[in-house]
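First up is the structure itself, then whatever we jot down about it.
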Amino acid sequence: MSFSSVYEPQKEEKKIYKLWEKSGLFNPDNLKKAKKSYCIIMPPTNANGNLHIGHALGMGIEDIMIRYHRLKGEKTLWLPGTDHAGFETQVVFEKHLEKEGKSRFDMKREDFYKAVWDFTQTNRKGIRDQIKKLGASCDWSREKFTLDKDIIKIVYDTFKKLYADGLIYRGERIVNYCTKHRTAFSDLEVNHILRQDKLFYVKYEFKNEPGKFITVATTRPETIPGDVAIAVNPKDERYKKLIGDYVIEPITQREIPIIADILVEIEFGTGALKITPAHAADDFEIGQRHHLEIRKTLDTNGRFNELSGPLVGLKVNEAREKAIEILNQNNALEKIEDYEHQVGVCYKCGNVIEPMLMEQWFIALKKPIASKQNKSLSDLALSAIKTGQVKIYPKRFEKVYFHWLKNIHDWNISRQIWWGIPIPVYYCQEIKNEVCQKSKGIIISDKEIKKCPYCSSINLIKDQDTFDTWFSSGQWPFATLKTQKNKKDFQAFYPTGTMETGYDILFFWVARMVMLGLYATDQVPFKDVYLHGLVRDQSHQKISKSKGNVIDPLDMITKYGSDALRIGLIINNAPGNDLVLSEDKIKGYRNFANKIWNASRFTMMNLGSDFQPKKFDIKYIKTPSDKKIIKQLKDTIKKTTVMMDSYRFYQAGDVLYHFFWHKFCDQYIESAKKQMTDSKKIEATKQVLYHVLSQNLIILHPFMPFVTEAVWQSFKNKKQSILMAQNWPKP
RNA sequence: GGGCGCGUAGCUCAGUUGGUUAGAGCGUUCGCUUGACGUGCGAAAGGUCACAGGUCCGAAUCCUGUCGCGCCCACCA
């Protein structure tokens with residue numbers, strides 16, 4: 001390895017990564033025996049594109065932890081993987097189709113699936129290369145994909161178990177439906193935005209007293225044909241005597257009753273609420289209570305159907321216009337007020353989410369589970385944190401986590417999309433006997449079946465939906481470990497050590513992993529959670545493709561090197577805090593890599609070819625400078641070890657930087673230059689130089705793996721093979 | 001409607017149990033530097049730690065309030 005006067009990362013990094021891979025040391029099976037083991041499951045990267053700068057941050061932190069634990073001599077496993085990312089990937093792929101002027105609706109479902117499959121496999125290759133460029137020391141022999149057959153098998157097993165325990169049910173509920181994407185979502189995929197709207201005061205005429213009205217305030221006049229009642233609060237003096245009367249709904253002219261329900265707020269609007277059970281959650285609840293008819297007037301294609309009379313065929317916004325027009329004609333509009341309120345929109349396309357009554361699969365999160373001391377899934381997830389079995393860094397997110405879990409509703413896990421894990425269910429259409437009746441005709445089967453196992457009917461319908469991606473990725477820690485060739489992996493590495501991910505998926509993913517992990521394995525999936533922040537651009541905007549402000553980590557690596565990018569993202573970036581990416585900062589750390597390179601070059605040149613490193617001994621300390629640097633080294637090791645053990649990498653990196661540059665280089669090397677002119681001190685000084693430098697390389701290695709290894713390789717004598725596998729110094 | 005957080009040098013941020021002159025990187029200014037480092041060295045300027053009270057021997061740090069900013073959660077028409 002030649003030692004040019006400038007460190008050239010692009011020349012070294014590829015070689016170094018190959019050297020590591022060849023050594024086999026990413027695989028814990030090849031590491032020395034150890035009492036302790038440590039494992040990180042890599043958050044599976046979405047197989048629908050390239051890595052972005054946020055991945056570089058996460059992977060960097062994970063690699064620091066992994067390399068640190070490996071240096072400490074633990075059996076260390078970092079298990080990589082990719083996620084099929086159902087809805088996300090389908091959307092990305094459909095955009096590609098759109099560019100070609102195509103749509104998935106022009107394709108057969110199987111052909112579409114095949115095309116997306118190929119798309120993800122191509123992306124997986126690219127992602128692997130990118131992860132390698134980041135220097136990630138993960139064990140590629142254990143890589144998993146969320147659509148691996150054995151993973152799907154585990155997902156199905158969990159589904160079956162949940163169903164058997166009565167924790168999964170099929171039910172007709174009001175769900176969040178996006179008419180553009182034509183799928184339902186869980187509550188988490190709905191964003192709420194503040195919107196300026198209108199509040200319409202609509203008059204409903206009494207059946208028996210023409211000319212007399214009850215007025216209702218609504219933001220959604222287009223849903224009037226779905227009305228089945230007017231509800232008032234039973235305590236409302238204004239309306240008490242009207243309860244039981246009938247009024248005429250003013251668009252399709254149906255008679256509907258006035259009912260009483262405590263859910264109605266006396267103060268709001270006129271105190272009278274129109275009840276549309278198929279298209280509003282509260283209304284559905286009230287409808288159930290009063291056994292009201294359900295009128296679904298909006299179809300899943302986003303258009304109103306014949307039940308809505310004159311609004312038939314119209315989209316929501318068009319129907320609203322039309323409804324207002326009709327109400328005006330019928331003289332049924334009392335007044336219109338400006339109204340500011342929160343509206344749920346699709347997190348992906350921003351279109352208004354329609355509350356729709358649909359049959360979907362739900363996970364009951366609040367239902368007591370007999371086999372878990374009557375704790376519910378959300379209870380399990382809550383107590384894992386409360387008892388400290390799982391700790392979150394930074395701690396403030398524990399509060400956020402509690403708050404969410406305490407107020408959680410059942411989780412809709414079915415999606416009306418094509419790309420994903422199919423829901424393994426058939427519905428018997430005949431239900432010919434009691435057994436079948438008891439099962440409600442629901443047959444859970446992950447194999448193709450032609451006949452109902454209960455009543456032998458051949459009239460079966462396969463469920464067309466797929467799982468919410470988070471249902472499968474929520475099982476990722478145990479699923480990936482249980483499906484390894486090495487059958488001891490689960491035993492050896494579960495619960496895993498640390499889950500490192502972004503705070504933005506605390507609910508989507510972390511909470512679900514805790515729930516499903518505890519449910520399926522009776523153990524927490526990980527002991528610690530480290531949450532990093534979001535990377536933002538110079539104007540503090542969240543980086544995203546749609547904003548066009550993406551920063552390609554590979555560009556940064558090409559310009560400044562992988563190590564510089566890594567610590568540029570990590571130093572001084574406390575967990576849970578967003579970070580404004582600064583190219584200048586990365587540039588500054590490129591200089592640091594160069595400094596390491598040159599200090600090493602200086603040392604090597606001065607040691608000479610016949611230098612024999614000895615075990616460091618106090619007798620080599622000859623001068624105050626020697627004494628000082630040795631003490632500072634010791635302090636630095638002590639300090640950084642504490643920091644590393646408490647997830648303060650952002651501080652440890654800073655401490656190491658200063659020690660190396662300003663203490664070792666600026667002070668000690670300068671003294672050493674003088675000392676080496678004194679023949680009595682030459683040998684001792686060389687030993688100190690070598691000792692301090694080599695210790696530095698070890699403790700810097702998790703942060704700057706490439707340059708430290710490159711230097712180490714230049715230094716190596718026959719005994720020392722690879723820096724990655726050295727021993728972290730004892731503090 | 002509920003919750004979380006932030007406001008420290010021109011910019012981006014550290015500052016973990018409250019303790020000597022508040023730190024870093026980048027930027028700025030002034031020197032130096034032909035052999036480790038064209039990416040180096042030395043030095044300097046720059047902060048009433050948002051504001052107002054309070055606790056304390058002592059507060060950027062703890063408490064209360066005010067102002068400004070951001071984020072998250074939420075089936076009120």
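In the text below, chain A, chain B and the rest are named by the order of the sequence lines, each starting its count at 1.
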Every protein N/O lying under 3.5 Å from an N/O of nucleotides 13-17 of chain B:
residue: C13(B); atom: O2'; partner: Asn572(A); partner atom: O; Å: 2.7
residue: A14(B); atom: OP1; partner: Asn577(A); partner atom: ND2; Å: 2.6
residue: A14(B); atom: O5'; partner: Asn572(A); partner atom: O; Å: 3.4
residue: A14(B); atom: O2'; partner: Asn572(A); partner atom: OD1; Å: 3.4
residue: G15(B); atom: OP1; partner: Tyr650(A); partner atom: OH; Å: 3.0
residue: U16(B); atom: N3; partner: Arg648(A); partner atom: NE; Å: 3.0
residue: U16(B); atom: O4; partner: Arg648(A); partner atom: NE; Å: 2.8
residue: U16(B); atom: O4; partner: Tyr650(A); partner atom: OH; Å: 2.7
residue: U16(B); atom: O4; partner: Gln651(A); partner atom: OE1; Å: 3.2

Which pairs, protein N/O on one side and nucleotides 35-41 of chain B N/O on the other, fall under 3.5 Å?
residue: A36(B); atom: O3'; partner: Arg601(A); partner atom: NH2; Å: 3.0
residue: A36(B); atom: O2'; partner: Asn598(A); partner atom: OD1; Å: 2.6
residue: A36(B); atom: O2'; partner: Arg601(A); partner atom: NE; Å: 3.3
residue: A36(B); atom: O2'; partner: Arg601(A); partner atom: NH2; Å: 2.6
residue: A36(B); atom: N7; partner: Lys673(A); partner atom: NZ; Å: 3.2
residue: A36(B); atom: N6; partner: Glu670(A); partner atom: OE2; Å: 3.2
residue: A36(B); atom: N3; partner: Asn598(A); partner atom: O; Å: 3.1
residue: A36(B); atom: N3; partner: Ala599(A); partner atom: N; Å: 3.3
residue: C37(B); atom: O4'; partner: Asn598(A); partner atom: OD1; Å: 3.0
residue: C37(B); atom: O4'; partner: Asn598(A); partner atom: ND2; Å: 3.2
residue: C37(B); atom: O2'; partner: Asn594(A); partner atom: ND2; Å: 2.8
residue: C37(B); atom: O2; partner: Lys595(A); partner atom: NZ; Å: 2.8
residue: C37(B); atom: N3; partner: Lys595(A); partner atom: NZ; Å: 2.9
residue: U39(B); atom: O2'; partner: Asn594(A); partner atom: ND2; Å: 3.3
residue: U39(B); atom: O2; partner: Asn591(A); partner atom: OD1; Å: 3.3
residue: U39(B); atom: O2; partner: Asn594(A); partner atom: ND2; Å: 3.3
residue: G40(B); atom: OP1; partner: Asn591(A); partner atom: ND2; Å: 3.4
residue: G40(B); atom: O3'; partner: Lys595(A); partner atom: NZ; Å: 3.1
residue: C41(B); atom: OP1; partner: Lys595(A); partner atom: NZ; Å: 3.3
residue: C41(B); atom: OP1; partner: Trp661(A); partner atom: NE1; Å: 2.4
residue: C41(B); atom: OP1; partner: Asp666(A); partner atom: OD1; Å: 3.1

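Among Asn407(A), Val400(A), Leu405(A), the one residue that satisfies the side chain to side chain contact (heavy atoms under 4.5 Å, CB included) test with His403(A) is Asn407(A).
Comparing G27(B) with G53(B), their P atoms are spaced 40 Å from each other, to the whole Å. The separation of A59(B) from A50(B), taken at their P atoms, amounts to 15 Å, rounded to a whole angstrom. Between the P atoms of U48(B) and U61(B), the separation comes to 16 Å (whole Å). Spacing of C1' atoms, G15(B) relative to G23(B), comes out at 7 Å, to the nearest Å. With P as the reference atom, C49(B) and G10(B) are 13 Å apart, rounded to whole Å. Comparing the same atom, P, in A43(B) and in A24(B) gives a spacing of 12 Å after rounding to whole Å. With C1' as the reference atom, G19(B) and C41(B) are 34 Å apart, rounded to whole Å. Rounded to whole Å, the separation between the P atoms of U8(B) and A14(B) comes to 11 Å.
OP1 or OP2 of C75(B) has at least one side-chain nitrogen or oxygen of His409(A) nearer than 4.0 Å.
At a threshold of 4.0 angstrom between heavy atoms, the contacts of Tyr339(A) are confined to the sugar-phosphate backbone, with no base atom among them. Backbone-only engagement by Phe507(A) is indicated by non-hydrogen atom pairs under 4.0 Å involving sugar-phosphate atoms exclusively. In this structure, His341(A) reaches the sugar-phosphate backbone alone: every heavy-atom distance under 4.0 Å involves primed, P, OP1 or OP2 atoms, never a base. Using a 4.0 Å heavy-atom distance criterion, Ile174(A) is classed as making no nucleic acid contact.
Within 6.0 Å of the CD1 atom in Ile262(A), the count of heavy atoms belonging to other residues, nucleotides or ligands does not exceed 12. Residue-environment remark: NZ (Lys638(A)) stays at or below the threshold of 12 foreign heavy atoms within 6.0 Å.
Under 4.0 Å is where a charged nitrogen must lie from a carboxylate oxygen, and between Arg415(A) and Asp468(A) at least one such pair does. Between Lys203(A) and Glu334(A) there is no salt bridge, since no side-chain nitrogen of the basic residue lies less than 4.0 Å from a carboxylate oxygen of the acidic one. Taking the charged nitrogens against the carboxylate oxygens, Glu583(A) and Lys587(A) have no contact shorter than 4.0 Å, which rules out a salt bridge. Contact check on Glu172(A) versus Lys296(A) returns a salt bridge, with a Lys/Arg side-chain nitrogen under 4.0 Å from an Asp/Glu carboxylate oxygen.
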Paired and unpaired positions of RNA chain B as dot-bracket, Watson-Crick or G-U wobble under 3.5 Å, | denoting a partner strand: ((((((((.[[[[.)...(...]]]].(((((.......))))).....[[[[[..)....]]]]])))))))....
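In this structure, the side chain of Asp578(A) does not engage the main chain of Gly533(A) through any donor-acceptor pair within 3.5 Å.
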For a ring-ring contact (aromatic ring centres under 6.0 Å, His included) check, start with the C-alpha distance between Tyr589(A) and Tyr657(A), then their side-chain angles and the critical distance, and finish with the verdict. CA-CA 9 Å; Tyr589(A) 291 117; Tyr657(A) 174 94; 5.3 Å; yes
For Val202(A) and Leu333(A), what are the C-alpha separation, side-chain angles and deciding distance, and is it a side-chain contact (heavy atoms from CB on, under 4.5 Å)? CA-CA 5 Å; Val202(A) 180; Leu333(A) 206 50; 4.0 Å; yes
Determine, step by step, whether Leu633(A) and Ile629(A) satisfy the side-chain contact (heavy atoms from CB on, under 4.5 Å) criterion, reporting the C-alpha distance in whole Å, the side-chain angles of both residues, the deciding distance to 0.1 Å, and the verdict. CA-CA 6 Å; Leu633(A) 173 67; Ile629(A) 195 69; 5.6 Å; no
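Distance CD1 (Ile392(A)) to P (C72(B)): 17 Å, rounded to an integer number of Å. Here the P atom of nucleotide G5(B) and the NZ atom of Lys395(A) are 12 Å apart, to the nearest Å. Between the NE2 atom of His192(A) and the P atom of C73(B) there is a distance of 9 Å, given to the nearest Å. Here G70(B) presents its C1' atom at 12 Å from CZ of Arg396(A), a figure rounded to the nearest Å. If you take CG of Asn412(A) and P of C75(B), they are 13 Å apart, rounded to a whole angstrom. Spacing between atom NE2 of His279(A) and atom C1' of C76(B) amounts to 19 Å, rounded to whole angstrom units. Atom-to-atom, NE2 of His658(A) to P of A24(B) comes out at 6 Å; the value is rounded to the nearest Å. Atom NE2 of His403(A) and atom P of C71(B) are 18 Å apart (whole Å).
Of all heavy-atom pairs between Pro277(A) and Gly226(A), the closest is CD-O, 3.9 Å.
Ring geometry for Tyr647(A) versus Phe649(A): interplanar angle over 60°, hence perpendicular rather than tilted (30 to 60°).
Mapping Asp282(A) and Tyr657(A) onto RNA chain B by nearest heavy atom places Tyr657(A) closer to the 5' end of the strand.
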